2 protein chains.
Amino acid sequence: MTPTQQRVEIAQILFARPQHLSAEQVLSLVNAEHTAASKATVYNTLNLFAQKGLVREVIVDPSKVFYDSTTHEHHHFFNIDTCELTDVPVGLMPVGELPAVPPGTEAVAVDVIIRIRNTERS
Amino acid sequence: MTPTQQRVEIAQILFARPQHLSAEQVLSLVNAEHTAASKATVYNTLNLFAQKGLVREVIVDPSKVFYDSTTHEHHHFFNIDTCELTDVPVGLMPVGELPAVPPGTEAVAVDVIIRIRNTERS
DNA sequence: CTGTGTGCAAAGCTTTTGCACTACT
DNA sequence: AGTAGTGCAAAAGCTTTGCACACAG
């Protein structure tokens with residue numbers, strides 16, 4: 001895994017601060033900078049990072065993957081109106097120990113997504 | 001929402017028994033029957049059902065949406081090796097009450113997905 | 001006859017794959 | 001010089017939109 005120009009760029013954007021970025025946003029940000037990387041490279045790199053555990057994939061919608069630079073255990077609010085993703089500190093909602101996973105398997109990750117919506121005042 | 005031929009077909013498949021079907025699987029099953037519906041209709045109908053609360057969408061992967069005919073509150077194991085989705089009875093893993101949602105919003109749904117993997121014996 | 005609603009073909013978008021190139025051994 | 005690894009163009013796939021048709025009022 002060579003630290004190439006493109007990867008460094010992407011990493012800097014991701015880890016500038018804890019945040020949730022969609023692939024689309026990362027792409028824009030990378031291209032807003034100087035070097036620019038192709039769409040494919042951004043996707044491949046993000047997938048690579050996700051595999052390596054550098055970022056966490058948060059899947060809220062088909063074709064709407066967010067990449068979370070915070071890898072600590074935590075959950076998410078997802079506002080389906082604004083497509084905004086918000087962290088939920090672990091403390092607020094502890095995850096009970098996992099129930100027995102099916103035989104021959106091991107837990108890899110636990111994703112908790114609370115879908116929220118703007119309160120409609122009709 | 002007219003109970004048309006296509007919708008009845010799809011509904012019968014979904015509610016034949018509690019199960020998790022991907023859009024792809026539903027499409028195959030519908031076409032395996034007699035009438036057959038187009039891909040678009042299946043997608044639209046599934047989305048429609050999901051909106052109406054008849055089925056629950058379970059999003060485990062981009063371009064991998066499962067439709068769950070069980071609408072009771074429950075969680076899921078997702079085997080990333082086999083792409084198999086399994087129910088987790090609510091009792092086994094209670095969801096603590098939700099932490100305060102952001103102001104002006106209301107919780108719509110809570111999705112808990114435990115990603116599991118086949119234990120590798122190297 | 002007009003309006004509402006449905007089904008499907010075609011388009012759109014995200015994501016993935018395969019190839020040419022680069023850098024290193 | 002060979003080999004491994006990277007970046008990107010092009011392809012693939014899922015999903016959504018827009019239009020023609022059918023039915024109800």
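On a predicted model such as this, the values are computed, not experimentally measured, just so you know. Chain letters run A, B, ... following the sequence lines, proteins first and then strands; every chain starts at 1.
Interatomic distance, M1(A) CE to T45(A) OG1, rounded to the nearest 0.5 Å: 9.5 Å.
If you measure from atom CD of Q5(B) to atom C1' of dT6(C), you get 13 Å, rounded to the nearest angstrom. We find that CG of L48(B) is positioned 14 Å from P of dT17(D), with the value rounded to whole Å. Rounded to whole Å, the distance from CZ on F49(A) to C1' on dT6(D) is 13 Å. Atom pair Q51(B):CD and dT15(D):C1' shows a separation of 14 Å (rounding to whole Å applied). To the nearest angstrom, P of dG7(C) lies 11 Å from CE of M1(B).
Formation of a donor-acceptor pair under 3.5 Å by the R56(B) side chain with backbone atoms of E73(B) is not found in this model.
Applying the 6.0 Å contact sphere to CD of E24(B) captures no more than 12 heavy atoms from other residues, nucleotides or ligands.
Aromatic ring pairs are classed by plane angle as parallel below 30°, tilted from 30° to 60° and perpendicular above 60°; the pair H74(B) and H20(B) is tilted.
Checking the phosphate oxygens (OP1, OP2) of dT6(D), no side-chain nitrogen or oxygen of T4(A) falls inside 4.0 Å.
The shortest distance between side-chain heavy atoms of T105(A) and D81(B) does not fall below 4.5 Å.
Of all non-hydrogen atoms in A37(B) and V42(B), the two that sit nearest each other are CB-CG2, 4.3 Å.
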- What string of B, S and - do you get for nucleotides 8-25 of chain C, 5' to 3', if B is base contact, S is sugar-phosphate-only contact and - is no contact with any protein heavy atom under 4.0 Å? BB----BBBB--------
